[in-house]
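Below is one structure, written out as structure tokens; comments come after it.
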Protein chains: 4
Amino acid sequence: MPRPRLEDAPTRLLAAGLALFARQGCERVNSNAIARAAGLGIGTFYLHFANKYALLRALQLRTLDGLRAARQAAVAAVGSESGLEEQVRASVEAAVAFAAEHPEAYRVCFGRERTAPAHAGPVVSESTRGIASALAAWQRAGVIEPALDPALAARAYLAMETGMLLWWLEDPGRTAADKLVETLVRGHPALAAQVRG
Amino acid sequence: MPRPRLEDAPTRLLAAGLALFARQGCERVNSNAIARAAGLGIGTFYLHFANKYALLRALQLRTLDGLRAARQAAVAAVGSESGLEEQVRASVEAAVAFAAEHPEAYRVCFGRERTAPAHAGPVVSESTRGIASALAAWQRAGVIEPALDPALAARAYLAMETGMLLWWLEDPGRTAADKLVETLVRGHPALAAQVRG
Amino acid sequence: MPRPRLEDAPTRLLAAGLALFARQGCERVNSNAIARAAGLGIGTFYLHFANKYALLRALQLRTLDGLRAARQAAVAAVGSESGLEEQVRASVEAAVAFAAEHPEAYRVCFGRERTAPAHAGPVVSESTRGIASALAAWQRAGVIEPALDPALAARAYLAMETGMLLWWLEDPGRTAADKLVETLVRGHPALAAQVRG
Amino acid sequence: MPRPRLEDAPTRLLAAGLALFARQGCERVNSNAIARAAGLGIGTFYLHFANKYALLRALQLRTLDGLRAARQAAVAAVGSESGLEEQVRASVEAAVAFAAEHPEAYRVCFGRERTAPAHAGPVVSESTRGIASALAAWQRAGVIEPALDPALAARAYLAMETGMLLWWLEDPGRTAADKLVETLVRGHPALAAQVRG
DNA sequence: AATGAATGAGATTTCATTCAT
DNA sequence: TATGAATGAAATCTCATTCAT
């Protein structure tokens with residue numbers, strides 16, 4: 001049985017960075033403060049990250065991975081033989097749940113910090129891929145119209161989803177989660193372009 | 001050591017600020033650089049703006065006004081007796097054209113700088129109002145479903161439109177403007193929630 | 001009958017400078033602010049004063065003159081044939097009254113600004129002269145001890161008087177004016193060194 | 001680029017600040033200059049003091065402590081069974097000696113910088129306390145008149161002492177130290193208010 | 001691996017002064 | 001006389017980064 005021990009430095013730095021970035025924004029935070037908030041020495045920061053943008057990047061990748069996994073698991077859970085709307089709804093619900101559970105991570109990944117840093121790569125294009133390939137698959141299966149441009153539609157939908165979730169997280173009292181899901185499902189290109197028998 | 005100026009200082013500062021903000025982002029630009037780029041002395045900046053965030057705010061308000069006016073003019077041009085889709089399309093086309101004509105202003109208003117500065121007020125909520133009230137009017141006219149939440153739908157649509165246009169402006173070669181218009185019209189909540197006779 | 005007209009620029013500048021210097025201290029005030037507070041244009045300041053220290057100097061000289069005149073008038077009023085203590089008391093009472101009537105002027109003349117400015121000459125040495133010559137006169141008249149050094153004693157007394165009055169003006173509620181007069185008269189070198197029959 | 005230091009940074013900064021403040025006055029000195037004069041980097045200043053006023057305050061407190069200690073030691077040395085005048089003279093001599101030995105520190109503590117900075121607390125009120133309590137003690141012992149207000153008298157005396165010493169330090173050639181001591185002892189309220197058998 | 005004092009480039013902002021009107 | 005926009009030197013303070021320990 002492994003003894004519970006203090007988390008290691010990189011983990012502590014990631015946690016401290018997440019909290020500070022979410023609260024103040026990357027540009028307003030400095031690496032000394034992150035190190036201090038992590039309970040570590042100033043120099044220790046540079047032992048694990050080249051600079052604050054590298055830390056930001058690591059946080060964003062971690063979040064992107066987690067969100068992708070959550071969506072995939074949710075879709076897998078409803079089964080591939082279920083209907084288009086069911087699958088879409090499952091994916092959307094997973095995203096909303098993820099944002100609700102990890103509000104700081106979501107904000108740091110998709111909010112103001114999304115594009116800011118020169119060092120951190122683009123976040124949106126990566127997350128677009130999953131949706132686009134799902135749309136393309138449904139298209140090949142003849143479930144949705146061939147006229148739809150999957151890449152474009154995916155990007156449009158994600159812009160909407162991200163915008164809504166960030167706005168929601170600012171003050172979750174503004175709307176109930178299920179109303180949010182409803183709005184997003186309604187606006188999902190897969191349903192709008194569904195081939196109706 | 002004052003010098004006579006052809007254009008007045010605020011105008012020059014706004015122009016210089018727009019160019020620099022669009023290229024480097026507000027956090028990467030300093031007020032001295034803006035003043036110099038405007039061909040003015042360092043102190044002159046502070047004669048007209050309290051700090052760079054005030055200048056940013058002025059740019060954003062100007063853009064917001066321009067975009068609103070362009071949309072309204074376009075909708076007015078097709079006439080209020082025209083159909084729902086025609087009006088929506090006119091508004092979307094106006095927005096796409098505006099972004100194409102003022103790419104820097106659009107980016108500075110809706111891009112990374114949208115939320116960044118403590119001093120600049122929120123941009124999105126202001127631009128949401130126009131769409132939301134249009135949706136509400138159509139709703140009262142019985143043209144679209146009463147179930148739709150205008151505020152929520154407006155915000156969702158605008159997140160999509162803004163996201164798409166910013167992405168498009170990064171490299172306008174990615175898509176033709178009319179395909180963009182098509183995608184946005186399709187995703188517009190007014191059409192999705194249209195009451196079909 | 002002369003028409004009441006707006007005071008002229010120098011007068012307005014002196015008044016504005018007095019108020020600002022008293023409230024914020026010379027180093028914390030700038031000439032633009034003085035001009036504005038005087039209801040005049042920025043450039044107008046330099047038409048009448050070389051810089052803020054020149055204005056300060058003018059204020060100090062005016063105050064010094066006023067205080068000297070008040071003292072002399074008070075001493076003259078009790079008459080030269082009156083006793084030493086009566087004359088001293090008259091002079092002290094005049095100083096206390098002057099400070100009470102012109103608290104801003106007194107503070108600006110003798111307070112923090114007394115020594116600060118490179119341009120403004122020393123204030124204390126000028127005001128010392130009056131007391132020192134009075135002491136010398138009494139000495140020649142055989143009323144006070146010849147051992148006393150008039151210059152030194154005058155300076156010591158004035159340091160005390162000034163220190164007390166500045167402290168009193170900070171919050172006049174701290175002591176009654178007559179208790180102050182009493183303390184100062186008691187400490188006056190003319191009485192301490194009086195030749196007692 | 002850190003460098004090893006012989007003396008520690010705060011000590012060097014205090015020494016440099018003392019020299020510069022004494023020569024030019026707090027408002028005329030900037031923190032960069034202090035750091036440079038201390039042979040340290042600009043940023044190092046802010047590692048140890050929040051701003052130049054904090055450094056000034058530290059210098060003043062140090063001086064106040066030193067002066068108080070010197071006075072107390074001197075009075076203790078003559079013994080409490082010695083006469084009033086002896087004790088007063090010991091205290092005055094200690095103050096004069098302290099000022100002569102630490103002219104810069106004395107000037108920075110009691111001179112122009114005494115009141116100037118918003119951040120630095122009041123210096124005079126603190127140094128008043130010692131004298132006032134000594135007067136009160138003698139009063140309780142019946143050595144000096146009960147009519148005397150110890151707080152007021154202490155303040156008056158200290159204004160005189162401080163004013164004289166500052167003036168003397170400007171040019172010590174003006175008077176011999178013992179003449180100064182004589183003038184101050186003469187003007188001391190304890191002697192003026194002594195109850196004569 | 002961990003530390004934190006030290007560094008200095010650079011950002012922000014102020015203000016005395018000028019001069020064309 | 002009077003004005004006030006314009007100027008830029010200078011002051012304050014921050015923070016990413018280094019390196020001796």
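So that the names make sense, note that chain A is the first sequence line, chain B the second, and so on, each numbered from 1.
The minimum heavy-atom distance linking C:Val29 with C:Lys52 is given by the pair O-NZ, 2.8 Å. Taking every heavy atom of both residues into account, D:Thr162 and D:Tyr106 meet most closely at CA-OH, 3.6 Å. Of all heavy-atom pairs spanning B:Tyr53 and B:Cys26, the tightest one is CE2-SG, 3.6 Å. Residues D:Gly111 and D:Leu166 approach most closely at CA-CD1, 3.7 Å, considering heavy atoms. Between C:Phe45 and C:Ala35 the shortest heavy-atom distance is CB-CB, 4.2 Å. The shortest heavy-atom contact between C:Ser31 and C:Tyr46 is OG-OH, 2.9 Å.
Rounded to an integer number of Å, the gap from A:Ile34 CD1 to F:dT17 C1' is 14 Å. Taking atom CG of residue B:Asn30 and atom P of nucleotide E:dT12, one finds them 5 Å apart after rounding to whole Å. In this structure, B:Glu27 places its CD atom 12 Å from C1' of E:dA11, rounding to the nearest Å. If you take OH of A:Tyr53 and P of F:dC15, they are 12 Å apart, rounded to a whole angstrom. Computed from coordinates, the C:Phe45 CZ to E:dA16 P distance equals 8 Å when rounded to whole Å. Rounding to whole angstrom units, CZ of residue D:Phe49 and C1' of E:dA6 are separated by 15 Å. Atom pair B:Leu55:CG and E:dT12:C1' shows a separation of 15 Å (rounding to whole Å applied). Per the geometry, CZ belonging to B:Arg12 stands 12 Å off C1' belonging to F:dA6, to the nearest Å.
As judged by a 4.0 angstrom heavy-atom cut-off over every strand, D:Ser31 is placed among residues touching the sugar-phosphate backbone only.
Summary of the strand contacts: B:Ala50 and D:Gly43 both lie near DNA chain E, and taking for each the nucleotide with the nearest heavy atom, the more 5' one is attributed to D:Gly43. Comparing B:Asn32 and A:Thr44, the nucleotide of DNA chain E nearest to each residue sits closer to the 5' end for A:Thr44.
One N or O on the side chain of D:Arg36 and one on the backbone of D:Leu40 form a donor-acceptor pair closer than 3.5 Å. Judged by distance alone, with hydrogens and angles left aside, the side-chain atoms of A:Thr63 form a donor-acceptor pair with the main-chain N or O of A:Leu59 at under 3.5 Å.
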Quick one, B:Leu64 with B:Leu67, criterion side-chain contact (heavy atoms from CB on, under 4.5 Å). Give me CA distance, side-chain angles, the key distance, then yes/no.
CA-CA 5 Å; B:Leu64 240 25; B:Leu67 179 53; 5.6 Å; no
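The side chain of B:Ile42 sits closest to E:dT14 out of E:dA9, F:dT18, E:dT14. Candidate nucleotides F:dC13, F:dA16, F:dT18 were compared by shortest atom distance to the side chain of D:Asn51, and F:dC13 ranks first. Listed candidates were E:dT3, E:dT13, F:dT7. Nearest to the side chain of B:Tyr46 is E:dT13. When distances are taken from the side chain of A:Leu47 to each of E:dT14, F:dT17, E:dA2, the shortest belongs to E:dA2.
Taken residue by residue, residues 14-24 of chain D places no heavy atom nearer than 4.0 Å to DNA chain E.
Close to F:dG8, at under 4.0 Å from its OP1 or OP2, lies a side-chain N or O of B:Arg36. OP1 or OP2 of F:dA2 has at least one side-chain nitrogen or oxygen of C:His48 nearer than 4.0 Å.
For the pairing with A:Ile34, the side chain to side chain contact (heavy atoms under 4.5 Å, CB included) check across A:Leu20, A:Leu18, A:Ile42 returns one residue only, A:Leu20.
DNA chain F forms stems at E:2-21 with F:2-21, each a run of 3 or more consecutive Watson-Crick or G-U wobble pairs whose two key distances fall under 3.5 Å.
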